[in-house]
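By convention here, the first residue in the shown sequence is residue 1. None of the values given here were measured: they were computed from a predicted structure. Atoms within each ligand, like the ligands themselves, are counted from 1 in listed order.
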Amino acid sequence: MNEIEYKLHIDDVIRRVETARLKVNAHHIVKIVAVSKYSDEAAIEKLYHIGQRAFGENKVQDLERKSHALEDLPLEWHFIGNLQKNKINKLLDINPALFQGLDSLELAREIQKRLEVREMSLDCLLQINSAKEESKHGVLPEDAIAIYKTIQKECPNINLKGVMSIGAHTDDKEVVKESFITTHNIYKELEGASICSMGMSGDFELAIECGSNMVRLGSIMFPKD
Ligand SMILES: *Cc1c(COP(=O)(O)O)cnc(C)c1O
């Protein structure tokens with residue numbers, strides 16, 4: 001794809017997000033986080049020049065390398081992956097705009113300790129394993145609200161902004177939809193939550209129609225041809 005074709009392609013993605021969000025209502029605003037985990041710095045810079053500002057990585061080392069290499073650009077970095085305890089300090093050094101993968105009370109407590117020492121805070125989303133898949137991280141839907149409230153109470157340096165979920169891993173649209181509805185129902189119950197992050201390249205329109213206001217788009221934002 002040349003530059004013009006790429007810009008038209010991104011325009012088309014934005015138009016699809018627009019169409020889906022308007023089905024919810026005119027005031028429903030959706031943010032696109034471009035997931036750059038399979039893309040290099042040059043590709044990120046290209047997308048930046050088209051107007052994209054928020055980018056997501058799922059490995060702490062990659063986030064560190066790319067955010068450092070591109071530090072002169074006003075980018076907003078999200079960490080969207082699974083965080084191992086031994087990587088907490090490295091993530092806090094990078095200080096991302098949003099950590100989307102807080103997936104247990106235990107991890108929250110561990111992060112809280114380090115935040116306290118550093119006298120800093122971190123915006124986070126609680127990850128929900130809405131389809132209860134063994135391959136996925138996240139808290140179970142039935143535990144989510146209690147865990148969310150406990151983190152709010154016990155971890156003052158963690159700013160919980162809402163929830164994040166990955167749609168059910170199946171071609172059955174009804175099952176995927178069900179998993180999005182499960183996450184959105186939890187989101188609606190949470191006081192003060194403002195972000196419901198769900199939807200990827202293959203299912204973002206459905207996710208938006210189910211109430212998502214943040215989509216994490218990888219392959220569609222970085223087409224390979
Ligand atoms: C890779 C990834 C995405 C983006 O996936 P695509 O299907 O390429 O859009 C979104 N969210 C998470 C958590 C990911 O790991």
Side-chain angles (χ1 to χ4, degrees), residues 1 6 9-10 12-17 20-21 30-40 43-44 46-47 50 52-67 75-84 87 91 94 96-104 107 123-139 141 144 161-173 175-177 179-180 182-184 186-187 195-225:
M1 250 182 224
Y6 186 36
H9 170 80
I10 296 299
D12 189 55
V13 175
I14 293 168
R15 192 158 41 237
R16 286 172 61 185
V17 168
R21 76 154 188 98
V30 176
K31 177 163 178 162
I32 298 175
V33 176
V35 177
S36 48
K37 64 188 182 193
Y38 299 130
S39 306
D40 62 13
I44 295 170
K46 262 187 209 150
L47 190 50
I50 294 180
Q52 181 67 30
R53 294 292 177 269
F55 291 87
E57 288 287 331
N58 72 338
K59 294 206 175 76
V60 177
Q61 310 89 284
D62 293 346
L63 177 62
E64 183 187 34
R65 196 185 69 251
K66 293 178 191 177
S67 63
L75 304 181
E76 176 184 296
W77 289 100
H78 293 224
F79 184 64
I80 62 167
N82 169 245
L83 181 64
Q84 288 159 322
K87 299 276 169 62
L91 185 71
I94 302 165
L98 185 64
F99 169 38
Q100 300 209 17
L102 186 56
D103 61 1
S104 73
L107 179 63
D123 288 358
C124 297
L125 302 181
L126 183 66
Q127 184 172 352
I128 299 170
N129 186 355
S130 50
K132 302 189 180 188
E133 290 162 317
E134 237 168 74
S135 58
K136 281 192 188 129
H137 292 275
V139 302
K161 295 285 185 188
V163 296
M164 177 275 217
S165 190
I166 298 171
H169 185 72
T170 165
D171 291 331
D172 187 335
K173 270 204 160 190
V175 177
V176 179
K177 186 174 176 185
S179 70
F180 288 147
T182 297
T183 301
H184 190 252
I186 293 164
Y187 168 70
I195 300 174
C196 180
S197 172
M198 51 188 198
M200 316 199 327
S201 295
D203 57 17
F204 66 93
E205 286 147 310
L206 183 59
I208 292 168
E209 284 165 33
C210 293
S212 165
N213 60 13
M214 181 176 280
V215 289
R216 306 176 309 271
L217 305 182
S219 42
I220 201 168
M221 298 296 276
F222 294 98
K224 287 297 171 203
D225 44 11

Residue list, salt bridge (charged side-chain N to carboxylate O under 4.0 Å, His left out) with [X], at least two apart or on another chain:
X	answer
Lys173	none
Lys66	Glu57
Arg65	Glu41, Asp62

Discussion item. Can you tell me if Lys46 has over 12 outside heavy atoms packed within less than 6.0 Å of its NZ?
Written reply: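 Atom NZ in Lys46 is not crowded, with 12 or fewer foreign heavy atoms closer than 6.0 Å.
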Practice prompt. Answer yes or no: does atom CG of Asp172 have more than 12 heavy-atom neighbours from other residues, nucleotides or ligands under 6.0 Å?
Written response: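 Yes, CG of Asp172 has more than 12 neighbouring heavy atoms, counting only those of other groups under 6.0 Å.
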Worksheet item: Yes or no on side chain to side chain donor-acceptor pair (under 3.5 Å) for Ser165 and Thr183, after CA distance, side-chain angles and deciding distance?
Response: CA-CA 7 Å; Ser165 190; Thr183 301; 3.3 Å; yes
Worksheet item: Got the residues with a heavy atom under 4.0 Å of ligand 1, by chain and number?
Response: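 If the criterion is a heavy atom under 4.0 Å, then ligand 1 touches Val35, Lys37, Ile80, Met164, Ile166, Met200, Ser201, Arg216, Leu217, Gly218, Ser219.
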